[in-house]
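Order of the sequence lines sets the chain letters (A, B, ...), proteins ahead of strands, with each chain counted from 1.
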Number of protein chains: 2
Amino acid sequence: MARNVEFDESAAIQKAMEIFWKKGYNATSLRDLIDAMQINSSSLYNTIGGKQELFVRCVQHYTDIRAQDWDKRLASKRSPLDVLIEYINEAVNIIINGEDSCMAVKSAFEVATNDERVKQILAADDQRSYQFLYKLIKKSMDKGEISSDEDPALLADYFNSTWTGWYESYILHKDPVKIKRMAEYFIKQLTK
Amino acid sequence: MARNVEFDESAAIQKAMEIFWKKGYNATSLRDLIDAMQINSSSLYNTIGGKQELFVRCVQHYTDIRAQDWDKRLASKRSPLDVLIEYINEAVNIIINGEDSCMAVKSAFEVATNDERVKQILAADDQRSYQFLYKLIKKSMDKGEISSDEDPALLADYFNSTWTGWYESYILHKDPVKIKRMAEYFIKQLTK
DNA sequence: CCAATTCTGAAACGTTTGTTTCAGAATATT
DNA sequence: AATATTCTGAAACAAACGTTTCAGAATTGG
């Protein structure tokens with residue numbers, strides 16, 4: 001016997017995420033958020049909660065999308081090495097063409113140190129990223145597509161972290177060739 | 001015929017740097033800063049300038065210290081490979097034992113996108129870091145301490161960015177073994 | 001010691017911050 | 001259609017923000 005929520009919550013989260021992604025947590029004001037979300041602050045506080053809670057949901061949303069992407073790629077019927085190389089190349093393109101760095105990386109450095117919930121969401125995300133790489137590397141080794149000389153877990157860990165530095169490099173130097181050559185080298189190391 | 005500045009500017013910058021380093025730019029308030037610096041805000045505005053200017057100086061100070069360290073290491077008379085490996089191991093220890101991530105990395109993601117001056121300071125710092133690695137790798141190759149199969153410039157670029165991901169990993173997982181194993185793998189790749 | 005200059009301390013500045021309030025509009029159930 | 005419930009919009013909240021002001025203390029060179 002009552003009124004329903006008027007605004008589309010998941011669309012609003014998406015909009016808020018884009019703002020947080022671009023400006024970071026602390027540089028984003030609530031006014032920035034409600035302008036983008038097109039809702040009143042009272043609605044925000046009634047449904048989602050305050051700024052922190054909203055940010056947690058945005059980070060969660062961001063990592064959910066990534067998890068879906070990894071699952072989709074893992075379900076591919078193509079060779080695991082092809083999937084892996086395609087993933088690396090697409091990731092490079094995102095770094096080079098994307099407007100902003102990875103939100104998970106930015107948030108890890110800005111927020112995860114002080115907010116336990118954000119840290120746990122990002123740690124879980126990083127773990128899934130690791131698992132994604134590990135599975136592809138392991139399968140490639142089992143199929144003989146790449147050498148089994150190295151521990152697949154170590155390689156997965158190594159690339160999973162390598163990743164982050166490419167974003168920093170691109171922020172500072174905006175040099176696409178540099179990123180591409182590092183990615184080439186990585187693939188070469190892997191397939192050698 | 002006038003009074004002199006009372007406070008030690010470089011000591012105050014050092015204190016401010018520690019606060020910015022720990023909390024990041026946006027999460028640090030001017031009150032945090034003047035409490036740590038033990039000066040009045042009027043003195044700050046008269047001598048250094050506002051918050052942005054102070055931050056720029058702190059980042060500059062941070063990168064100056066790093067530059068000195070690299071110069072000192074390059075002047076060492078020991079073998080370049082030893083110097084490089086020692087540097088990597090000490091860096092790992094800083095990641096594992098340090099209270100906060102590298103200020104240059106944090107600032108790159110939080111501030112460099114929006115502040116051209118900070119971006120340029122950090123880009124110059126990154127360039128010096130690259131040069132440091134490049135010189136050691138090149139010398140090691142010339143002396144035959146490591147294989148010359150790879151382009152030293154590429155290797156230097158590659159490690160220089162690899163670096164950053166180890167900080168992120170440690171923030172999220174606080175797993176020293178993981179970092180150590182990645183460093184071992186890196187050294188192995190280098191000396192192989 | 002005087003005069004000229006500059007620095008310091010405390011208070012206040014107008015904004016902006018994240019959050020709350022509440023009257024009234026809106027709707028689902030009966 | 002009446003009623004009970006809930007959502008929305010605009011305004012207001014205190015607190016904190018970065019910055020400025022200025023009277024007076026301090027120190028220099030003459």
Contact list for DNA chain C against residues 10-34 of chain A - heavy-atom distance below 4.0 Å | A/T28, A/S29, A/L30, A/R31

Over how many whole Å does the gap from B/Q52 atom CD to D/dC17 atom P extend?
-> 17 Å

Counting just side-chain N and O atoms, does B/S43 come under 4.0 Å of either OP1 or OP2 of C/dC7?
-> no

Decide if the gap between the ring center of B/Y170 and the ring center of B/W166 is smaller than 6.0 angstrom.
-> no

Rounded to whole Å, CG of A/L44 lies from C1' of C/dT20 at a distance of 12 Å

Whole angstrom value for the distance that separates C1' of D/dT8 from CG of A/D8 | 17 Å

Could you tell me whether the side chain of B/T63 and the main chain of B/Q60 form a donor-acceptor pair under 3.5 Å?
-> yes

Per atom distances to the B/N46 side chain, the nearest of C/dT8, D/dT19, C/dT20 is C/dT8

Using 30° and 60° as the class limits, which term best fits the ring planes of A/Y158 and B/F186: parallel, tilted or perpendicular?
-> parallel

Please work out if B/T47 contacts a base, only the sugar-phosphate, or nothing of the nucleic acid, heavy-atom cut-off 4.0 Å.
-> nothing

Over how many whole Å does the gap from B/I48 atom CD1 to D/dG18 atom P extend?
-> 15 Å

If you take all heavy atoms of B/M182 and B/S169, which pair is closest and at what distance?
-> CE-OG, 4.3 Å

B/K51 NZ to C/dT17 P: how many Å, rounded?
-> 12 Å

Would you indicate which nucleotide in C/dT19, C/dG9, D/dA10 comes nearest to any side-chain atom of B/N40?
-> C/dG9

Just how far, in rounded Å, is P of C/dG18 from CG of A/D35?
-> 12 Å

Whole angstrom is fine here: how far is it from CD in A/Q38 over to C1' in D/dT8?
-> 14 Å

Under 3.5 Å, is there a donor-acceptor pair between the side chain of A/K15 and the main chain of A/I34?
-> no

Residue A/S42, side-chain atoms from C-beta onward, closest of D/dG9, D/dG18, C/dT20 = D/dG9

To the nearest 0.5 Å, tell me how far A/M103 CE sits from A/I65 CD1.
-> 10.0 Å

A/Y45 or B/I39: which one's nearest nucleotide on DNA chain C is closer to the 5' end?
-> B/I39

Taking the six-membered ring for Trp, is the centroid-to-centroid distance between B/F132 and B/Y87 below 6.0 Å?
-> yes

